[in-house]
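Both ligands and their constituent atoms are indexed starting at 1 by order of listing.
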Amino acid sequence: MKFKTIPSHIAVIMDGNGRWAEAKGKKRTEGHRAGADAIDRLLDVALEYKIKNISLYAFSTENWKRPITEINAIFNLLIEFIDTRLDKIHAKGIRIHHSGNRSKLSKTVLQKIDSAMDVTKKNKKITANFCLNYGGQEEILSAFTRLQNARKTNQSPLDKTISPKEFEKYLYTHPLPPVDLLIRTAGEQRVSNFLLWQIAYAEFFFTNTLWPDFGREALEEALVFFDSRKRKFGGLT
Ligand code: IPE
Ligand code: IPE
Ligand code: MG
C-alpha cells in the first residue's frame with residue numbers, strides 16, 4: 001500500500017495474549033509465545049514501510065502483580081526470543097534498545113538485553129525499543145532524579161529551570177523521537193502507564209484484534225488511519 005506520511009515512531013501496547021490463549025483453550029503462556037511471533041511479523045512489515053522506531057510494551061511496572069509463574073514465563077520467553085532470533089534481527093538491520101527500570105530485572109535478563117543492544121548498536125533501519133519493567137510515571141521520576149544528580153556532579157544550580165530538551169535526555173527512550181502513533185490491541189482504550197511524556201501529540205489507534213493475531217493487515221489499517229489524520233500540534237493548520 002502507498003501512504004503520504006509514515007509515522008517515524010509507533011508505540012504498541014501489545015494486549016490480549018491471555019484472552020487469545022483462553023479463547024483457544026490454551027495456557028496464557030501460549031498466548032505470550034504467539035505474541036512473540038507477532039513481534040517478528042510487525043518488525044518485518046515495519047521494515048518494508050521504513051518505519052524507523054517501534055516501541056513495544058512487553059512488561060510494565062504494574063505487571064509484577066501477576067502470578068510469579070506467569071512473570072517467569074514472560075521473562076523466559078524474552079530470553080528465548082533473544083537467543084533464537086537475535087541473529088536474524090541483526091541481519092535485518094534492526095537495533096535493539098531497552099526502556100525501563102533495570103533494578104528489578106534479573107542478571108540473566110539484563111545480560112541478554114545488554115548483549116543484544118551491543119551487537120545491534122550500529123544498525124540503522126529500525127530501532128526496536130523493548131519496554132521491560134517500564135512505567136511512564138517511574139520513568140519521569142527517575143529522569144528528574146538523574147537530571148538533578150548530573151547537576152550536582154557538574155556543580156550547576158539545582159533550581160535552574162529545566163527545558164523539555166534537557167529533560168528528555170534522561171528519559172529511558174532517549175534518543176528516540178516523540179511517538180507519532182500509539183496502537184493498542186484487544187479492545188481496551190487506556191494508556192496503562194505507557195510513554196506518558198512521549199505520547200503528548202500521538203494519534204491513538206485502538207483495535208479489537210488480539211495481539212497474537214496482529215499482522216500486516218492490522219498494521220496497514222493503523223497506517224491508513226494515521227495517514228488520514230490532520231496533525232496540528234496546537235496550531236491552526
Ligand atoms: C499483554 O497480554 C502482554 C503482557 C501484559 C505481558 P495480556 O497478558 O495482558 O493479555 P490479556 O489482557 O490478559 O488478554
Ligand atoms: C499493558 O497491558 C502492559 C503491556 C502490554 C506490557 P496490561 O494488560 O498489563 O494492562 P491493563 O492491566 O489491562 O491496564
Ligand atoms: Mg492485558
- For the Mg ion (ligand 3), count the protein N, O or S atoms found under 2.8 Å away.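 N, O or S atoms of the protein closer than 2.8 Å: 1.
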- Query: Does ligand 1 have an atom under 4.0 Å from some heavy atom of Glu22?
  - Reply: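 For ligand 1, residue contact (heavy atoms, under 4.0 Å) with Glu22 is absent.
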- Taking only heavy atoms of His32, which atoms of ligand 1 are found under 4.0 Å from at least one of them?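 Answer for ligand 1: 3 (C), 8 (O).
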- Atom OG in Ser228, atom CZ in Phe3: separation rounded to 0.5 Å?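 It is 10.5 Å, given to the nearest 0.5 Å.
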- Query: To which residues is Leu158 joined in a hydrophobic cluster, defined by side-chain heavy-atom contacts under 4.5 Å among Ile, Leu, Val, Met, Phe, Trp and Tyr, whether direct or through other members?
  - Reply: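 Cluster partners of Leu158: none, it stands alone.
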Is [Y] paired with [X] through a side-chain N to carboxylate O contact shorter than 4.0 Å?
{"X": "Glu80", "Y": "Arg85", "result": "no"}
{"X": "Arg41", "Y": "Asp44", "result": "no"}
{"X": "Asp87", "Y": "Lys92", "result": "no"}
{"X": "Arg216", "Y": "Glu221", "result": "no"}

- Within the 6.0 Å centroid threshold, strictly below: Phe144 and Trp197: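 Judged by ring-centre distance (under 6.0 Å), Phe144 and Trp197 do not meet the cut-off.
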- Task: Compute the centroid of each ring, for Phe130 and then for Phe59, and state whether the two points are separated by less than 6.0 Å.
- Result: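 No, too far apart.
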Give one line per pair: atom of ligand 2, protein atom, distance. Only N/O to N/O under 3.5 Å.
unit_1	atom_1	unit_2	atom_2	d
ligand 2	8 (O)	Asp15	OD1	3.2
ligand 2	8 (O)	Arg66	NH2	3.3
ligand 2	9 (O)	Asn63	ND2	2.9
ligand 2	9 (O)	Arg66	NH2	3.3
ligand 2	10 (O)	Arg184	NH2	3.3
ligand 2	13 (O)	Arg184	NH2	3.4
ligand 2	13 (O)	Arg190	NH2	2.8
ligand 2	14 (O)	Arg190	NE	2.9
ligand 2	14 (O)	Ser192	OG	2.6

- Query: Which pairs pass side chain to side chain donor-acceptor pair (under 3.5 Å) with one or both residues in residues 150-164, sequence neighbours excluded?
  - Reply: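 Pairs touching residues 150-164 that pass the test: Arg151-Glu166.
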- Please say whether more than 12 non-hydrogen atoms of neighbouring residues, nucleotides or ligands are located less than 6.0 Å from CD in Glu217.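 Counting neighbours around CD of Glu217, 12 or fewer heavy atoms of other residues, nucleotides or ligands fall under 6.0 Å, so no.
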